**Q** 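Let me begin by handing over the structure; questions about it come next.
The figures that follow rest on heavy atoms only: side chains count, while hydrogens, waters and symmetry mates do not. Everything quoted here is computed from the prediction, not taken from an experiment. One-based numbering, in listed order, for ligands and for the atoms of each.
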Amino acid sequence: MNASDNSGNSGSAGVATPVTSNFIRHIIEQDLHSGKHAGRVQTRFPPEPNGFLHIGHAKSICLNFGTAQANDGRCNLRFDDTNPEKESQEFINSIMADIQWLGFSWSGEIRYASSYFEALFEFALQLIRAGKAYVCSLTPEQAREYRGNLTSPGRESPYRNRSIKENLDLFIRMRAGEFSDGTHSLRARIDMASPNINMRDPVIYRIRHVEHHQTGAQWPIYPMYDYAHCISDAIECITHSLCTLEFEDHRPLYDWILQNLDKSSLHAASDGVTTEAEYVLPRQIEFARLNINYTVMSKRKLKELVIQGFVNGWDDPRMPTLSGLRRRGYTPASIRNFCERVGISRSESVVDVGMLEHSIREDLDRSSPRAMCVLRPLKVTLRNYPQGASETLILPCHPKETSMGARELPFGRELFIDAADFEEVPPPQYKRLSPGAEVRLRGAYVIRCEEIVKDASGQPVELICSYDNATLGVNPQGRKVAGVIHWVPAGEALDVEVRIYDRLFSKENPDDKNGGDYKECLNPDSLLVMTGCKAEPSLRTALPEASFQFEREGYFCVDRLDSTADRMVFNRTVTLRDSWAKISS
Ligand code: ATP
Ligand code: MG
């Protein structure tokens, strides 16, 4: 493979996210300064295609692609596909789509650890020949027992001193498919007494007679992650291999494997982007993973929610997946800004979900046009508005951004307001509509409620009001109008469905082991589907994924999958109230 044909060597396309310093950028600056990698910065994002990406992955994506971009470097996308049973092409496709949606593009072609299987096999032979790996025939249970634990050292396998010749013979036959799953494994010969369990002769190859989504039935043996990852990094001439803190204890193994292979053969197997003299082994650097309260962030758990039907698929708008957030109405910029704000450090912490919500509000407040949608319609008839008459009001699309233009809104005798904006017996200081009181309709006239029409159960079904035709856009002198409410014209309003989302979990830490299974704290009210909502007619032409601020209700977007011209569906992205901005200011 040759990556030198990639003319565009930036880590991402056209996204500008403010850059704040962190310890990784510091290390890279030092390396650039010392000339360690001959001025190159090469990172990679290495997802396993066993699920959809979540917001935690976004942190890693922004870090890896952003670091490359900031240093005129490259960032590869490499599928870390050494576990074929759990992986699939569907996940590969979704991961590529999510990275592109976030605004990043990888350098050159897509890489797969599986395309290095041949090279990985050759390097395993090299370790065997050097007496640094052996075929072990303990059963998986025995191997576990021999490994010891944190307080007791491991014991050497009785197969540890097999001859090089026998090891080569057995390993080649493992590859030829002669043995069944679990009968043998290839292990690195390191140190069974090491305090670091990862160094106690770790398994580097196992037998698995399963088909692989990329390599088909070619391989009955598969390399382990720890073995494949460092060599894949070396093959791709990665300079800085950025990963999360749980890999810190694996770093000695990462280094051991690379240091025990012949460097010039690693270079010979590499992308060839450096000369041999400039070739430097990659360095693993760990950072703290992103955790968010009221959220679970493990693919295994997210998959369980999908498979067991607690949510409607990986892209359910309540999911912390990138495809879920996208469908919910999050913008790529809001997620990139969130990741930048969270920052990169080595200490574990839990980020308040309010900070994520703040990022999307900040973006949508600036970028989304205003519109009106009545969620619980209550009819209003203006008895002094002439029968059959109507007029067209012009309302700005945005209170500040005049460049966003204006929209037309028909106004006539019959309207809908929200039932929540009317109280027959109002509490003190009530600022909405009640019998005898006045309120302004947004962008239109002041009205007064004169009569309530009720159904048999005593519920108001219609308000008879009067309007003051001297109040269009002005408050006559000395007149105090308590509040402003939103409305839509009755005849022209669109019937829409609105989906109101709340947190998927009702407990701050769903993973808290003392609190039982995380699924027990699923919020039963995380989805409220409201049908029969009435939206202003200008929304008829809104495209899938378009976002709006529905006045007084929050930010909403057109559902990209379920919304049709006949039946528009809006997802509430987030409410208007920003608690995080207040806390943090
Ligand atoms: P999960 O723990 O959710 O199953 P994973 O680590 O197994 O995720 P990978 O596909 O291996 O998923 O992740 C690809 C990259 O994303 C890895 O480098 C990993 O360190 C990083 N990553 C995964 N989760 C987070 C997170 N919460 N915060 C930051 N980076 C993460
Ligand atoms: Mg992983």
**Q** Looking at Gly51 and Ile95, what are the two nearest heavy atoms and their distance?
**A** O-CD1, 3.8 Å

**Q** Quick one: are the ring centres of Tyr330 and Phe338 less than 6.0 Å apart?
**A** no

**Q** Could you tell me, atom by atom, which parts of ligand 1 come under 4.0 Å of a heavy atom of Ser60?
**A** 16 (O), 21 (C), 30 (N)

**Q** Go through the structure and list residues passing side chain to side chain contact (heavy atoms under 4.5 Å, CB included) with Ser347, not counting sequence neighbours.
**A** Ser345

**Q** Please work out which of Gly56, Pro47, Pro46 has its closest non-hydrogen atom nearest to atom 31 (C) of ligand 1.
**A**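 Residue with the shortest heavy-atom distance to the ligand atom: Gly56.
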
**Q** Does any N or O in the side chain of Arg206 come within less than 3.5 Å of the main-chain N or O of Gly182, such that one atom is a donor and the other an acceptor?
**A** no

**Q** Nearest non-hydrogen contact with atom 1 (P) of ligand 1 belongs to which option: Lys299, Arg300, Lys301?
**A** Lys299

**Q** Return yes or no for this condition: an N or O of Cys243 is under 3.5 Å from an N or O of ligand 1.
**A**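 No, Cys243 has no N/O under 3.5 Å of an N/O on ligand 1.
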
**Q** For Thr244 and ligand 1, does the shortest N/O to N/O distance drop below 3.5 Å?
**A**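 In this structure, Thr244 places an N or O atom under 3.5 Å from an N or O of ligand 1.
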
**Q** Taking distance alone, with no angle check, do His57 and ligand 1 share an N/O pair under 3.5 Å?
**A**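 Indeed, backbone or side chain, His57 has an N or O that close.
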
**Q** Which residue, Phe123, Tyr205, Tyr254, forms the ring-ring contact (aromatic ring centres under 6.0 Å, His included) with Tyr227?
**A** Tyr205

**Q** Based purely on interatomic distance, does Lys59 place a nitrogen or oxygen under 3.5 Å from a nitrogen or oxygen of ligand 1?
**A**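 The answer is no, given that Lys59 and ligand 1 share no N or O pair closer than 3.5 Å.
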
**Q** Could you list which atoms of ligand 1 come closer than 4.0 Å to a heavy atom of Ser298?
**A**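 Those atoms are 3 (O).
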
**Q** Return a yes/no value for Glu48: is any of its N or O atoms, backbone included, closer than 3.5 angstrom to an N or O of ligand 1?
**A** yes

**Q** Please check if any side-chain donor atom of Asn149 sits under 3.5 Å from a side-chain acceptor atom of Ser152, or the reverse.
**A** yes

**Q** Kindly state whether the ring of His229 and the ring of Tyr225 have centres lying under 6.0 angstrom apart.
**A** yes

